[in-house]
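Heads up: the structure comes next, in structure tokens.
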Amino acid sequence: MILTGLTRKAPPIVLYNTLTRAREPLHTERPDRVTMYVCGPTVYNFAHIGDARPAVVFDVLARLLRHDYARLIYARNFTDVDDKINAAAVASGLPIGAVTARYIEAYQADMHALGVVPPDVELRVTEHIPDIIALIQALIARGHAYIAQAHVLFDVASWPDYGQLSGRRPEDMLAVARVEVAPYKRNPLDFVLWKPSTPDLPGWSSPWGRGRPGWHVECSAMIGRHIGGTLDIHGGGQDLIFPHHENEIAQGSGAQDGALYCRTWVHNSFVTVDGQKMSKSLGNVLLVRDLLDRVPGEAIRLALLATHYRKPLDWNDRRLSQARQTLQRWYALLARIVPREEVEPDARLPSALRDDLNVPQAIVRLHELAITATHASGAEASPASGQLRASAAMLGLLQAPPSSILPALEQTTRTSHAAPLSTDRIAELVALRDEARREGHYAQADAVRTELDAAGVTLSDTAGGTHWQFHDERTP
């Protein structure tokens, strides 16, 4: 179920803007249209769970934007020219084009399995070389770039606001970025816009000789080509804030005589695995396609959404087990009480998402709607289950036929050990329940208690606050 823009005026969407370090109502260039660009993968390997998080997070944001605006222009790129790709081609013995085509196709298949709707425009760097060259020429003409030893570099000193997005001092930038201190640079922080290519590397003719673009300039050129002017929303992982997005602002605004590059910057936080950073040396890089061999993609999606996008997400078996058990209960309900008509989402779903994409709150509301549908009878049963399904669509959930997904969910539930929620997740749910009780939303508070009870957690309300323990820790 794809939701379309509202014909009525919706309440404002509030997002945390990395640039201002504050939650702000979303402002768009046009009242009926919103533009969004999200940095996609560099296609030299299969997507891992860290790659999947921004794809899923910004898919939910796109669903909300389509719900609230008459039109969304959503663009995402593939970086298909990069030194890592060159190395992968050498290692595999395949042509570079074959490497990028393989991993683009694999990424698209993996994201489809996670319920990610393709963006309106999928961009490839290699299809935008003329736009990149034109942007570099504009920067040179405006005094923001210079040529040195067949390289073109951005002159960071020419941009006084450099560092505004990341809030870093120059000495901190050097330490974090691990920049190449080349003798032809005026400033160690100056970054490459164009570099020469040897005959064995990809290259294109340019005013500065045969070469290829630097990483940062690519996104600015593609945004200028397909969106133009000032972008409404720019998204990506937190690791891209510096240097990539910082550099985008400098070159994107610099080429437009200082015009604002983007109004709102949205970044999702990191993914760890069992408390550790993913790395090849630790052997804990989790590929999406390997996880899909174990569980349906919708379970992975729900597990990724259960933690607020701006908080670090620790991936573990408990998280995945809880997600698939939750889906199994919801789909079993939809199989038993079949929705017979299309209904609108419950108003609290878009309301929660407008609050800086508060997906955990939206999930709590889905639990509450499931309880309502479970207890409904007669003529009320079908509309109640229909509202659960329509509301879940805003998160990209519960859209499969129950008969097609329940066998897989039930099989994985039977073959896995029911694991408790993590202590961090329990604390999140307890805090949500306490807030709901303070505001008089008792049905919502009961839904949270039900979820905790199903996960083996007992709550005790005392004058000193709410205490919890696992069922098997209770005194007989």
Side-chain angles (χ1 to χ4, degrees), residues 37-45 75-105 107-108 119 121-156 179-180 182-186 190-228 240 243-245 247-256 261:
Y37 179 93
V38 176
C39 288
T42 300
V43 283
Y44 66 97
N45 206 337
R76 186 180 65 210
N77 77 300
F78 291 112
T79 297
D80 60 347
V81 53
D82 183 87
D83 290 343
K84 291 180 180 178
I85 297 172
N86 300 338
V90 171
S92 65
L94 296 173
I96 290 171
V99 171
T100 58
R102 175 189 185 190
Y103 291 121
I104 287 174
E105 182 180 359
Y107 179 87
Q108 291 171 328
V121 189
E122 284 189 307
L123 309 172
R124 303 187 188 197
V125 172
T126 54
E127 297 173 352
H128 294 81
I129 300 300
D131 304 292
I132 292 169
I133 291 173
L135 177 60
I136 295 172
Q137 289 175 314
L139 290 170
I140 294 173
R142 289 165 172 77
H144 293 300
Y146 60 93
I147 305 166
Q149 297 185 21
H151 291 72
V152 184
L153 298 109
F154 187 91
D155 185 0
V156 169
V179 296
E180 178 189 359
Y184 50 79
K185 288 187 177 184
R186 296 176 183 173
D190 292 350
F191 55 90
V192 172
L193 302 173
W194 189 265
K195 54 188 174 183
S197 291
T198 56
D200 59 315
L201 293 175
W204 292 263
S205 297
S206 81
W208 319 287
R210 183 179 181 275
R212 60 196 191 279
W215 175 34
H216 312 297
V217 72
E218 301 163 353
C219 291
S220 298
M222 290 187 287
I223 288 170
R225 163 77 180 277
H226 293 275
I227 295 174
L240 297 179
H244 184 50
H245 290 164
N247 292 351
E248 271 196 58
I249 292 174
Q251 62 204 9
S253 289
Q256 299 182 78
Y261 182 63

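By the side chain to side chain donor-acceptor pair (under 3.5 Å) test, E105 pairs with no residue at all, sequence neighbours left out. For Q251, the side chain to side chain donor-acceptor pair (under 3.5 Å) test picks out S220, with sequence neighbours left out. Legend: residues meeting side-chain contact (heavy atoms from CB on, under 4.5 Å) with R210, ordered by chain and number and at least two apart, are S197.
Of all non-hydrogen atoms in V152 and I140, the two that sit nearest each other are CG1-CD1, 4.0 Å. When all heavy atoms of A255 and L139 are compared, the pair lying nearest together is N-CD2, 3.5 Å. Heavy-atom minimum distance, V125 versus P213: CG1-CG, 4.3 Å. Across all non-hydrogen atoms, the minimal contact from A88 to V99 is CB-CG1, 4.3 Å. Of all heavy-atom pairs between H128 and H226, the closest is NE2-NE2, 2.7 Å. Taking all atoms of both residues into account, the shortest heavy-atom contact from S205 to I133 is O-CD1, 3.5 Å.
Using modelled atom types, no side-chain atom of S253 and backbone atom of A250 make a donor-acceptor pair closer than 3.5 Å. Side-chain N or O atoms of D80 include one that pairs as donor or acceptor with a backbone N or O of T126 at under 3.5 Å.
Put simply, CD1 on I85 and CG on D82 are 5.0 Å apart, with the number rounded to the nearest 0.5 Å. Taken from CD in E218 to CD1 in I129, the straight-line distance is 7.5 Å, to the nearest 0.5 Å. Rounded to the nearest 0.5 angstrom, L240 CG and N247 CG are separated by 11.5 Å. Taken to the nearest 0.5 Å, the CG atom of L193 stands 5.0 Å off from the CD1 atom of I136. A distance of 3.5 Å separates CE in M222 from OH in Y37, rounded to the nearest 0.5 Å.
Within the 4.5 Å cutoff, the side chain of V38 has no heavy atoms near those of the P119 side chain. Within the 4.5 Å cutoff, no side-chain heavy atoms of R124 are placed close to those of T100.
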Check: Is there a side chain to side chain contact (heavy atoms under 4.5 Å, CB included) between R212 and D83 once you walk through the steps?
Finding: CA-CA 10 Å; R212 60 196 191 279; D83 290 343; 3.0 Å; yes
Note to self: I'd like to know whether H245 forms a side chain to side chain contact (heavy atoms under 4.5 Å, CB included) with C39, so could you lay out the CA-CA distance, the side-chain angles of the two residues, the decisive distance to 0.1 Å, and finally the verdict.
What the structure shows: CA-CA 10 Å; H245 290 164; C39 288; 3.3 Å; yes
Check: For V90 and N86, what are the C-alpha separation, side-chain angles and deciding distance, and is it a side chain to side chain contact (heavy atoms under 4.5 Å, CB included)?
Finding: CA-CA 6 Å; V90 171; N86 300 338; 5.7 Å; no
Notebook entry, point to check: Passes side chain to side chain contact (heavy atoms under 4.5 Å, CB included), T79 versus Y44? Steps please.
Noted result: CA-CA 9 Å; T79 297; Y44 66 97; over 6 Å; no
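Ring orientation note: the planes of F78 and Y107 are nearly perpendicular, at an angle over 60° on the 30°/60° scale.
Just one residue in the list Y184, W208, Y146, W194 forms a side-chain hydrogen bond (donor to acceptor under 3.5 Å, both in side chains) with H151, and that residue is Y184.
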